[in-house]
Structures are given as structure tokens and as C-alpha cells.
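Notes to accompany the following structure.
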Amino acid sequence: MTARRAILLVEDNQDDLFLMKRALRSARIVNPLIVVETGQDAMDYLSGAGKFADRDSYPIPAAIFIDLKLPLVFGHEVLAWIRRRKEFESLVVIVLASSNEASDLNRCYSLGANSYLVKPPTAEQLEARAKAFQWQWLEYER
């Protein structure tokens, strides 16, 4: 049996982090979840820099969920950085945003996001959205 591929969540808001963990659990998604809080940490993680150098402990994820409003380096910048690297061309990047502004959505898709999800206002709506994912890179509890 192969090891489950991790999901990298880049989120600095502890309430949103709690809700996302709850939603993934409710959707019975069993991929390990790795969390970093800044855009710089996301880039360090993906490049295996510094404290993220041990790939056994910090493997390349199957997908990354990234908030747009992050400390140090914004989500847009991380997304652009990911898409400039050939080694990450197949990495699934899902943007999590508070904004449903067309300009944010268009910018993220033009930078190479695979999906753009507006954070719903309630935990129940987030759980329903997580249950609807059904993306091939996720693993579900049977």
C-alpha cells in the first residue's frame, strides 16, 4: 500500500484553520494535513528549505490550499512562485479566499490556480463544500 499524499494548507487564521480541519474530517478525507501560516513558509516548505529540508517529514504535497491574505508573502505571490517552477507544474493549487471579487478570481486563474473557493460564512457550508470536492487526488475513508 502506498503512503497517503499530504495536503498542504497555508492559513494564518486559527478559526479558519479549525473550520478547514473540521470540514476535511467531516468529508472523510484521510490525506494527512500539513499546515504552515505564512506565504514564506509555504515556499520554504515546497522548496525543502531550512526546517523543511527533510522530505520524509515534509513531503511534496498532492495539493495545496492557500489563503490569499497571508503574512510576509501574499497568496498571489506564492501561487505565481509555484507556477514558475517546472517541478510543481502538476501540483494542484486551490485558492481559499474571503473575497468573491471577479478581479481576485481572474488574477488567481491567470496565475495558474486549479480552483478558487470563497470561504463560506458557516462551518456547515464549508463542510458541505468539502464533501462535494470528490477530486481524484483526495483519499476518502471507506
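This is a predicted model, so every value here is computed, not measured.
Every pair tested for salt bridge (Lys or Arg N to Asp or Glu O under 4.0 Å) that includes a residue from residues 37-55 fails, sequence neighbours excluded, so the list is empty. Residue pairs meeting the salt bridge (Lys or Arg N to Asp or Glu O under 4.0 Å) criterion with at least one member in residues 85-114, sequence neighbours excluded, are Lys86-Glu89. Legend: salt bridge (Lys or Arg N to Asp or Glu O under 4.0 Å) pairs involving residues 56-75, not counting sequence neighbours, sorted by first then second residue: Asp67-Lys119. Listed by first then second residue, pairs satisfying ring-ring contact (aromatic ring centres under 6.0 Å, His included) with a partner in residues 18-41 number zero, not counting sequence neighbours. Sorted by first then second residue, the ring-ring contact (aromatic ring centres under 6.0 Å, His included) pairs that include residues 26-52, not counting sequence neighbours, are Tyr45-Phe52, Tyr45-Tyr58, Phe52-Tyr58.
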Test side-chain contact (heavy atoms from CB on, under 4.5 Å) applied to Leu9 and Leu24, step by step: CA-CA 11 Å; Leu9 174 60; Leu24 292 171; 5.9 Å; no
Assess the residue pair Val10 and Val36 against the criterion (side-chain contact (heavy atoms from CB on, under 4.5 Å)); give the C-alpha distance rounded to whole Å, side-chain angles, the decisive distance to 0.1 Å, and a yes or no. CA-CA 5 Å; Val10 188; Val36 296; 3.9 Å; yes
Leu96 and Asp16: side-chain contact (heavy atoms from CB on, under 4.5 Å), yes or no, with the steps? CA-CA 10 Å; Leu96 297 172; Asp16 288 344; over 6 Å; no
Should Arg83 and Leu111 be marked as a side-chain contact (heavy atoms from CB on, under 4.5 Å) after you check the CA-CA gap, both sets of side-chain angles, and the distance that decides it? CA-CA 7 Å; Arg83 292 305 183 220; Leu111 290 171; 5.7 Å; no
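In plain terms, the two heavy atoms of Asn13 and Asp15 that are nearest each other are OD1-N, 2.8 Å. When every heavy atom of Ile94 is checked against every heavy atom of Ala63, the shortest pair comes out as CD1-CB, 4.3 Å. Ser99 and Val118 get closest at one heavy-atom pair: O-CG2, 3.5 Å. The two residues Pro59 and Ile34 have their closest heavy-atom pair at CD-CD1, 4.2 Å. A pairwise comparison of heavy atoms in Arg5 and Pro32 identifies O-CD, 3.7 Å as the closest pair. Nearest heavy-atom pair, Leu17 versus Glu11, reported as atom, atom and distance to 0.1 Å: N-CG, 4.0 Å.
Contact of the Ser98 side chain with the Leu68 side chain is not registered, since no non-hydrogen atoms from C-beta on lie closer than 4.5 Å. Considering only heavy atoms from C-beta on, Thr38 stays 4.5 Å or farther from Leu70 through its side chain.
A donor-acceptor pair under 3.5 Å links the side-chain atoms of Tyr109 to the main chain of Tyr116, judged by distance alone.
Here the SG-CG distance, from Cys108 to Asn114, works out to 11.5 Å after rounding to the nearest 0.5 Å.
Contacts of Ser103 classified as side chain to side chain donor-acceptor pair (under 3.5 Å), with partners at least two apart in sequence or in another chain: none.
No more than 12 heavy atoms of other residues, nucleotides or ligands sit less than 6.0 Å from atom CZ of Phe74.
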